[in-house]
Every structure is written in C-alpha cells, then in structure tokens.
Participant: 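One structure is given below, represented as structure tokens, and several questions about it will come after.
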Amino acid sequence: MSQHVKSDARGAEEIIEWGESRNIETCFDRAEKLKPCPIGAVGACCKVCHMGPCRLVGKNAEEEARGVCGATLPTVAARNFLRMIAAGTAAHSDHARGMAFTLLAVAKGEAKDFKITDVRKLYRVAGYLNIEFEGREVNAVAKDVAEKLIEDFGRQKGEGNFITRAPKKTQERWRKWGIVPRGVDREVCEAMHRTNIGVDHDPDHLLTQGLRTALADGWLGSMISTDVTDILFGTPKPIKAEASFGIFKEDEVNLIVHGHEPLLAEILVDVVGEPEMVEYAKSKGAKGINLGGMCCTANEVLMRHGIPTAGGFTNQELGIMTGLIDAMTVDVQCIMPAITEISKKFHTKVITTSEKAKIKGAMHVEFDEHRAKEVAREIVKIAVDNFPNRTATGSHITDKAPLVAGFSHEYIEYMQGGTWRGSFRPLNDAIIAGRVRGVVGLAGCDNPRVPSTGLHHFLAKELIKNDILIVSTGCGSAACGSAGFLTPETALEQAGPGLREVCEAIGIPPILHLGACVDNSRILTIASAMAAEGGLSDEIGGMPAVGIAPEWMSEKAIAIGCYFAASGVPVIFGGDSPVEGSTEVTKIMTEVWFERYMGALHFEPDPEKILAMAIKYIDAARERLKLRKYEPGKFGAERVLMDMAARREIEKAAKPHIGIY
Ligand code: SF4
Ligand code: MSK
C-alpha cells in the first residue's frame, strides 16, 4: 500500500481520479488542504470558557503553561478527552434510547408495522433483567423489558441493569475504583458538569469519570441497542452478501440507507419488495428497486437480510460520484454534510430522516415508527421518481466482493457445538492449545487522513497470518468486506495454520463480522462468555485479546476504546494521540489503567508498531495465563472441533431443531 494512495478501498482510487479530473472535491482533498491544528490535536487547547480559548504551549508546557484560570495542560487534556467520551456515549445511547422506546411502542401495539421477531432473545434479555416470562403474553414481557431498559437512561443512583452480565471479578474492579455507571444521562451530564470551568481539575479524577461514562456506553446504551434490535428484527446468523460500489445496479433504482439507525432501513427491506412498488419502478423504466447501505445502517440490514453494503465512512461521497445512486437516506452519525454539496453535481437526492438531524440542501422526510411503512413508501417513491433523471454523468465504476456476515455472539456460541452443545469451550481450547494465538477486535472508522481502509487491510492480513482470530464491527468490517476478506476462503489462503484449521472445521471466515458500531457490545458478551467458560482468565482482563481501531475519527470510537479499556482489554488506536501534549494523562491511560483494570488505551500511528504491540500484549497474556508458548503450526492436545455435518447428526438424534442457539 503506497502512502500516496488516498483510499485502499476497492474501486475508490479510480473514482477519486475520475473526480479529480473534473475538479470534484472530496474529503480526501479537504484532508490534504486542511492540516489539523497542532495545538488542538494534542489536547492543549481549552475553550470551555470565554476567558479563552487558552493554548497551553511552550517548551515546558506540561509543567509551566497555564490557562487564564490557572488550568494546567494535564487538566485541559483530560477535560477535552472526557468531553469526547461523553459525546460518543451520548451518540450511541441516544440511538439506543430510540430502540428501547420503539420496543415499548411495539409492545403497546402503537407501532403496527413492527413486531417482535426473536421471542427467544426477548426471553433471554428478560432473564438478565429478572423479568418473569414463562406463560406470559409476549407483548407483556416486551413491555416490561422495554420499561426496565429505559430506566438505564435516567437512573440517578444504583447500577446499570446489565452490569451483572460482566464477570464477577470485572465487576469487583469497577466497584473498587468507583466506575460502575448509574444511568447514561447521569454520567454524560456529570461529565459535562465536571469539565465546565472551575469544577474538576485532577486529571486522574476526570479520566475516572471518563471510564464510568464509557462503561455507560458499552454496558448500557450500546448493549441495549444490540439486544433490542435483535429482539425486534432477529438475532443475526451467517448470511452471504456483497460489498463495494458494484452493488449499485445500472438498470434498477438504487436506494441507499446511510447512518446508524436500523428502523427505517428494516421497513424499507419489506417495502422495496412490494409488488406495487416494483410495478411503479418498472413504470419509470427501471427493472426493479435495489436497496443497499453505507456505514452502520448498512451493517444492521447486512447482518439480518444480506442487504449489500457500498462500504464505510469515506465511501459516501464516492458512492454519489458513481452517478448511480437515485436516493440516499441519512439518519444520524457519520454523515458528511458534504454529501448534499456533491449530490448537486449528480442527480442523487439526499433525504434526511431523523428529527434530530437536518442538512442544508437535503430533502427532509421524517421517520416516525408509528407510521413506518407510509414513510418508507414515500421515500421509495422519491427514489423511483428520480430514476429517469439519471444521466451518463458519474464514474460508473462498479466492482464488488462477496462476503459472509451475521456473526452474533449467539451464533458464535452455536457454531461451537450446535443447539444443544453450543459453548465457548472449543474457542477457549483452541487458544489454550495455541491453534488460535489470541483474539483481536478490529473495529472503528476509516479515515481520509491515512490511505483509507488501508490500515485495516494491512492489520487484518497480518493478524490472521499470525493465527489471531478477528472479530470486527463498523466500518472496519466494511473495509474487510470490500477487500474480500470476509469469506471462508480467506482462511484457507491467508490464515496461519492453526487458525486455518479452526476456520475450516467450522466453515467460517477468519474475520467475523459482528455488526455495527453499537454491536461492539457483542464483543463484551463474548469476552464475558469466554471468562465464564474457564481455562483462560476468569475476568475480561488478562485474556489474550486486544482491541484495535487503526483509522478512528469519531468521538464514538473514543468512548468504545475506553469501555474496552475499563473492561480489561488493552486497546490500540491509530493516528496521533489527542492527549499527546500531556505525559501525565498518557501515563494514566496506559500504565495506571492497566494496573487498575488490566486494560489500556494507546495511540500509535505506525501500523507495523500497532501490530507488534498487539502481538506483544497477546503473548504476554498467554504467558501470564501459563498457556503453551505460541509457535506457528505446533499445537497442544485439545478437543476435536466438530464440523457442521457431525453437529447436525447429533442434533437430529437429540431433539427437533428449534432455532439457531
Ligand atoms: Fe482558559 Fe481556564 Fe477558560 Fe479553559 S477554563 S478557556 S484554560 S480560562
Ligand atoms: S459508521 S463511527 S465511521 S465505524 Fe458506525 Fe464507521 Fe466510525 Fe462511523
């Protein structure tokens, strides 16, 4: 991968060049033109009051620089960082709030176009919440579950509902250090209060609230969102799909869903197939209606319906530049306002759909779960009506890759033993024996400041070559998907010998696509299940596991990184550190956090060093757990993994198959 490449995503470079030859500006050009402010970039600029902004610079800035109020650089850097965590937590959790209220509306019969699809998952969640479900009406259980989950947003005292899903030892660490989140809104509100002028000035104390807020994101907001989405739309299981710009069809209406929320997208999946809609598209000269996605709304419908994805964050302008998108709906998060500007050069209609988000130059068709189908039909009609306006203008670059997505934690458990014997034992055993060296969560955004998606590609290839199983989410998954890495064949061609054997036995790719950004919560559940299974660490901390977000750009990524660090996972972010200005803050986030929680948050721009650091963490954890030293191709004794055929035989002999887990 050359440093001169702007994007390593399939087909992206050709579209960028096509645009450059026509003076069409994209985020890649703006990233080149607009260098980050060197003071803000390292966390040394404070603008929380109107005596500032204060820039804490100079030779001995850490010791000597002061803001007008006297704030030191470590205070300012920690305060800025805490505000990032609060914003990221607010974003995921507000999305989750919408999901919980939709579940309540469905349970009360007020959102007629939605239903409870996965009753089994509803019961599982009811079980976590100590809600009785045996012999009760499904909607009555759903109402109780929704109301209990909604408490997690506004709770003032006590602990979040799902805290007890973490291993006991992990919970004990949280209680010892005072970072158990009470309610999402309370933690975000307190974070904003503490960072206001003249309140909390101790960097460690500020960052401790950062971890409490981040845990409210991971174990409350995001976990609620994942669970409720599964209850409403089904728990994902492996499904084939395709990725990249080649998902757009020349002869069909291309309607693309972009953003993060699954509600409208789920309804669109149904509505685009309605005979009247298809007939309407035909009446306008199209062969049909092609629904595709982008960013995490894409991941939601990809995981459950195999709806293809056009890619991640940096593909949004490029998608429009193909000239093939007739309408793009955008809800919330990671939507570049630039898309309305660029869409003027093509025929694409950009439609904002959330009451929370409008963009100048976009149409606004507000989604309302109480009349979901009606809104969805209106949107499909806009896309269809726009199809005849399609012109030859556009790069028309189309190329795509096959992929397999849909790895919920429930399916991962099922695939390791079937309906009756599903567990995490085989994975733990494979790690113990050294077939699988460790696990990496490779996640987060793609970023125009590096060869976009290129860092994901490099790390994905190197990690699996080193027998490290990857679980991936968000735009990291889209990056791997459009590169063709999310297929079982990748295991045969590129994985190390131990990982290849495991993937071959189960028939899975070496990189498991777990879903959208909010579905990083699935990784928390997997880590907790591995701890409960035994043989490795009895808490999340100490597992041979690392999180990596090599191209992060969103505050949400910071919140995610911090909830993993607080849960006991060392995390490595790419790019320069937003707290680089302060050695004290950096030390807290690495050494102090590791001592307290067995997790840490590092920033390292060099991908080779990220790889080396991840492997070092994994090998050190193996050593601490007294597991055999990893040597490629040399394994210890372990249970034989059952392949699919053997598993089916056992199931046939047992009871009728009733579900995936
Ligand atoms: Fe400057 Fe202090 Fe105001 Fe920050 S809070 S802008 S450091 S005076
Ligand atoms: S969309 S937060 S760019 S992963 Fe979830 Fe992608 Fe990052 Fe947004």
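Bear in mind the structure is a predicted one, so any value in this text is a computation, not a measurement. For ligands, and for the atoms within them, numbers begin at 1 and follow the listed sequence.
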Participant: At less than 4.0 angstrom from any non-hydrogen atom of I197, what atoms of ligand 1 do you find?
Facilitator: 5 (S)

Participant: With respect to atom 7 (Fe) of ligand 2, please indicate if C445 possesses an N, O or S atom at a distance under 2.8 Å.
Facilitator: yes

Participant: Show the atoms of ligand 1 that are less than 4.0 angstrom away from any heavy atom in R79.
Facilitator: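 Under 4.0 Å from R79, ligand 1 has these atoms: 4 (Fe), 5 (S).
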
Participant: At a 4.0 Å threshold, what atoms of ligand 1 neighbour a non-hydrogen atom of G52?
Facilitator: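 The list of qualifying atoms is 6 (S).
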
Participant: For H364, is the NE2 atom crowded, meaning more than 12 foreign heavy atoms sit under 6.0 Å from it?
Facilitator: yes

Participant: Quick one: look up the protein heavy atom nearest atom 8 (Fe) of ligand 2 and list residue, atom name and how far away it is.
Facilitator: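 In this structure, atom 8 (Fe) of ligand 2 has C334 SG, 2.2 Å as its nearest protein heavy atom.
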
Participant: Please step through salt bridge (Lys or Arg N to Asp or Glu O under 4.0 Å) for the pair D185 and R97, ending with a clear verdict.
Facilitator: CA-CA 11 Å; D185 299 353; R97 189 195 317 267; 3.1 Å; yes

Participant: Got a salt bridge between E190 and R212, using NZ or NE/NH1/NH2 to carboxylate O under 4.0 Å?
Facilitator: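 A salt bridge links E190 with R212.
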
Participant: Would you mind telling me if ligand 1 is within reach of the side chain of R55, the backbone, both or neither, using heavy atoms under 4.0 Å?
Facilitator: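 Answer for R55: neither.
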
Participant: So, C475 and atom 6 (Fe) of ligand 2: N/O/S under 2.8 Å, yes or no?
Facilitator: yes

Participant: Measuring from atom 1 (Fe) of ligand 1, which candidate in C54, C46, G67 has the nearest non-hydrogen atom?
Facilitator: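 Comparing heavy atoms across C54, C46, G67, the nearest one to atom 1 (Fe) of ligand 1 lies in C54.
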
Participant: Does ligand 2 have any atom that is closer than 4.0 Å to a heavy atom of G444?
Facilitator: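 Yes; G444 lies near enough to ligand 2 that a heavy-atom distance drops under 4.0 Å.
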
Participant: Quick one, E410 with K121, criterion salt bridge (Lys or Arg N to Asp or Glu O under 4.0 Å). Give me CA distance, side-chain angles, the key distance, then yes/no.
Facilitator: CA-CA 9 Å; E410 286 87 348; K121 177 93 185 213; 2.7 Å; yes

Participant: Would a line drawn from the ring center of H602 to the ring center of Y617 be shorter than 6.0 Å?
Facilitator: yes

Participant: Could you check whether the rings of W552 and F573 sit parallel, tilted or perpendicular, using 30° and 60° as the cut-offs?
Facilitator: tilted

Participant: Does ligand 2 have an atom under 4.0 Å from some heavy atom of H260?
Facilitator: yes

Participant: Under a 4.0 angstrom heavy-atom cut-off, which atoms of ligand 2 come close to M553?
Facilitator: 3 (S)

Participant: May I ask you to list the atoms of ligand 1 that are less than 4.0 angstrom from any heavy atom of M51?
Facilitator: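 Those atoms are 8 (S).
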
Participant: Any idea which atoms of ligand 2 are less than 4.0 Å away from a heavy-atom of F313?
Facilitator: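 Counting from 1, the qualifying ligand atoms are 3 (S).
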
Participant: Going by an N to O cut-off under 4.0 Å, is there a salt bridge joining K356 and D94?
Facilitator: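 Answer for the salt bridge query: yes.
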
Participant: Check ligand 2 against K556 and write out every atom of the ligand that is under 4.0 Å from a heavy-atom position of the residue.
Facilitator: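 It comes down to these atoms of ligand 2: 2 (S), 8 (Fe).
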
Participant: Do E555 and R83 meet the salt-bridge criterion of a basic N to acidic O distance under 4.0 Å?
Facilitator: no

Participant: Determine, for E25 against R30, whether the closest basic-nitrogen to carboxylate-oxygen distance falls under 4.0 angstrom.
Facilitator: yes

Participant: Less than 4.0 angstrom from a charged side-chain N to a carboxylate O is my criterion; do E551 and R449 meet it?
Facilitator: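 Looking at E551 and R449, the cut-off is not met.
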
Participant: Starting from atom 5 (Fe) of ligand 2, what is the nearest protein heavy atom, named by residue and atom, and what distance separates them?
Facilitator: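 Atom 5 (Fe) of ligand 2 sits closest to the protein heavy atom C517 SG, 2.1 Å.
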
Participant: Is R66 near ligand 1, meaning one of its heavy atoms is under 4.0 Å from it?
Facilitator: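 Under 4.0 Å: no for R66.
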
Participant: Any idea how Y411 and F407 line up, ring-wise: parallel (<30°), tilted (30 to 60°), or perpendicular (>60°)?
Facilitator: perpendicular

Participant: How far is atom 3 (Fe) of ligand 1 from its nearest protein heavy atom, and which residue and atom is that?
Facilitator: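 Protein heavy atom at minimum distance: C49 SG, 2.3 Å.
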
Participant: Could you tell me the residue and atom name of the protein heavy atom closest to atom 8 (S) of ligand 1, and the distance to it rounded to 0.1 Å?
Facilitator: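 Of every protein heavy atom, C69 N, 3.4 Å lies nearest to atom 8 (S) of ligand 1.
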
